[in-house]
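A short worksheet on the structure shown next.
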Amino acid sequence: MAIASSSTRSFCSTSADLSTRLPRLSTVAFIPSLRPSLSLKLKPLSVSSRLNSSNPSENGDLRYHLNRGRGRGPGPKGTPVFVKLPLDAVGPTAAQVRRRKTMEQSFRALVAAGVEGVVLEVWWGLVERDAPKVYIWQGYKELIAMAKHCGLKVRVILAFHQCGTGPGDPHWIPLPLWVLEEINKNPDLAYSDRFGRKNIEYISLGCDTLPVLQGRSPIQAYADFMRAFRDAFWPLLGAVITGIQVGMGPAGELRYPSCPSRKLTWPWRTRELGEFQCYDKYMLASLNARAQDAGKPEWGNGGPIGASNLLQNPEDTDFFKTHGSWNTPYGKFFLEWYSGMLLLHGENICREAKAIFRGAEVNMLAKVAGIHWHYGTQSHASELTAGYYNTDFRDGYLLIARMLARYGFTLCCTGFDMQDAEEQEVNPFSRPEGFLRQLLLAARFCHIPMEGENFAPTLDDGSFQQVLKMAKFCSDGQEMPSFSFSFERMDKNMFDYQNWVRFTRFVRQLSGSGTNNFRAKLDFADYEYQSPLPESTKVGMDFAHC
């Protein structure tokens with residue numbers, strides 16, 4: 001998503017951009033000649049889908065056809081599978097690999113299962129922990145070398161956000177200490193809601209282009225980090241490191257922290273409306289400038305009144321209800337500005353990343369949050385507070401897909417294991433499958449690949465079958481591979497015998513691997529050892545006792 005503030009230009013969009021919408025209909029046809037606002041040269045694509053619900057009694061099995069040119073593509077067969085490594089794979093100083101022997105055994109088991117590679121989070125808060133431009137890469141170098149030795153590819157996440165909730169959290173990784181010192185001096189570097197509550201998971205995008213970090217802007221700090229990573233790992237880029245996901249917000253996702261990331265894992269997350277994060281002085285200055293430009297200075301003093309009380313039913317709020325003020329001239333003005341700031345933030349980072357990694361044969365990725373819990377309402381309240389101006393009358397994801405397409409990025413999203421029927425038992429407004437369908441069609445329309453993730457590390461057959469169904473929807477009819485999958489995440493439960501059997505069967509189905517997945521051959525020293533038990537059992541025991 002340079003950021004607009006009182007000292008920078010304000011965000012603006014064409015009327016064609018703001019009116020673009022992929023209808024949520026049972027049959028959707030895209031004809032480029034009818035979309036003059038799109039500058040991309042696109043082939044005709046027709047889609048017929050019944051993915052509104054996972055309930056067979058409602059919509060039956062997934063039925064669709066995707067026609068492009070002659071014949072049909074390979075479908076999900078050949079989809080590469082990656083596995084995300086534990087959060088604490090590298091020690092707290094980024095100088096060493098934790099549980100080295102167990103990690104190597106795990107890598108060999110993954111290879112035997114047919115996994116393509118691993119996903120490794122590289123934390124800004126560890127690598128540049130103590131001082132600006134002082135980077136420590138040693139632990140990550142060792143881990144990537146280990147993956148290379150075992151024959152695994154690596155996808156890296158450059159994580160510019162906080163992990164965990166605080167010092168008591170065993171997986172807590174804050175922003176760099178010197179950044180936290182700057183936030184203590186200037187609290188407006190942190191996002192703020194209407195109640196004055198601060199969120200320091202990620203620096204406010206309102207100050208993206210301002211020299212607030214000891215003479216550097218946040219965008220410059222991210223760019224310097226990416227440049228240092230490139231220089232440190234250049235010989236491995238394209239050969240071992242095949243993908244780089246650039247963090248763009250809380251949890252690495254292109255969004256506002258409308259709801260603390262830790263709460264998104266709670267069972268009642270599906271009732272969270274979220275709060276607009278536009279009350280730090282930099283965001284307010286940008287909003288005020290935009291309102292002045294629009295000739296409505298009274299619209300520039302803060303976010304919408306009557307927006308939410310977090311767990312409130314959207315129909316009980318003045319802003320989000322069916323005929324609420326979200327669909328008035330004021331609501332449209334505010335939401336265009338709010339989502340536009342996020343889009344501009346993503347564009348700034350994409351531009352920097354593309355320039356820095358030019359010449360490196362790596363796949364660049366950006367992640368969008370899977371916020372689906374009010375997708376069944378007209379206003380899509382929780383998406384709006386997160387920065388996605390996506391309603392029943394406007395497609396907010398197509399704009400993001402178009403931006404990523406300009407810079408050659410892959411679109412990543414979670415929730416591929418989720419089903420409407422299950423989620424609606426908790427919240428009738430939730431539509432994870434409908435949300436993903438819209439996102440996937442936007443990616444297809446803009447000709448950008450997708451990477452899917454599961455929401456939770458559930459290892460049951462039902463979740464795996466749902467992923468396979470969504471993967472087929474992504475890939476069927478494609479002439480070139482356009483979908484990959486990242487499993488969230490490796491832990492001791494994954495290597496439990498029955499879980500491992502299900503996981504390796506899933507990998508074989510998704511990737512088309514014919515590997516014998518249940519007895520991993522491990523190469524120790526100069527001889528090959530055939531484990532008398534599934535190697536997953538031994539690895540799981542190691543995880544359990546570390």
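- Looking at Ser286, its side chain never comes within 3.5 Å of a backbone N or O of Met283 through a donor-acceptor pair.
- Under the rule for a side chain to side chain contact (heavy atoms under 4.5 Å, CB included), the partners of Gln220 that lie at least two apart in sequence or sit in another chain are Arg216, Ser217.
- Under the 3.5 Å distance criterion, the side-chain polar atoms of Ser339 are matched with a main-chain donor or acceptor of Leu335.
- Shown here are the side chain to side chain donor-acceptor pair (under 3.5 Å) partners of Glu453, two or more places apart in sequence or in another chain: Lys367.
- The ring-ring contact (aromatic ring centres under 6.0 Å, His included) test applied to Phe429 returns no partner, not counting sequence neighbours.
- The side chain to side chain contact (heavy atoms under 4.5 Å, CB included) search around Ile173 returns Trp123, Leu126, Cys163, not counting sequence neighbours.
- For Glu347 and Arg406, the salt-bridge test passes: some basic side-chain N is under 4.0 Å from an acidic carboxylate O.
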message: Working note: Glu433 + Lys469, criterion salt bridge (Lys or Arg N to Asp or Glu O under 4.0 Å); need CA distance, chi angles, decisive distance, verdict.
response: CA-CA 11 Å; Glu433 294 180 63; Lys469 184 175 84 169; 3.2 Å; yes

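- Evaluation of the side chain to side chain donor-acceptor pair (under 3.5 Å) rule for Thr322 yields Glu315 as partners, not counting sequence neighbours.
- You'll find the side chain of Leu399 reaches within 4.5 Å of the side chain of Arg394, heavy atoms only.
- With 3.5 Å as the limit, one finds no donor-acceptor pair spanning the side chains of Asn199 and Gln277.
- The side chain to side chain contact (heavy atoms under 4.5 Å, CB included) test applied to Asp188 returns Asn186, Lys198, Asp280, Lys281, Tyr282, not counting sequence neighbours.
- Among residues two or more places apart in sequence or in another chain, the ring-ring contact (aromatic ring centres under 6.0 Å, His included) test is passed with Phe487 by Phe503.
- By the side chain to side chain donor-acceptor pair (under 3.5 Å) test, Tyr338 is found to be paired with no residue, residues two or more places apart in sequence or in another chain being considered.
- Looking at Gln466 and Asn454, their side chains never bring a donor and an acceptor atom within 3.5 Å of each other.
- For Phe334 and Trp326, the ring centers sit 6.0 Å or farther from each other.
- In this structure, Tyr191 has no side chain to side chain donor-acceptor pair (under 3.5 Å) partners at least two apart in sequence or on a different chain.
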Side chain to side chain contact (heavy atoms under 4.5 Å, CB included) assessment of Ile244 paired with Ile157: CA-CA 6 Å; Ile244 299 175; Ile157 298 175; over 6 Å; no

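- When each of Phe483, Phe455, Phe464 is checked for a ring-ring contact (aromatic ring centres under 6.0 Å, His included) with Phe416, only Phe483 meets the rule.
- Between the side chains of Ser430 and His372, at least one donor N or O lies within less than 3.5 Å of an accepting N or O.
- Residues that satisfy the side chain to side chain contact (heavy atoms under 4.5 Å, CB included) test with Ser325, not counting sequence neighbours, are Phe319, Thr328.
- For the salt bridge (Lys or Arg N to Asp or Glu O under 4.0 Å) test, no residue two or more places apart in sequence or in another chain qualifies with Glu383.
- Checked against salt bridge (Lys or Arg N to Asp or Glu O under 4.0 Å), Asp193 has the following partners two or more places apart in sequence or in another chain: Arg197.
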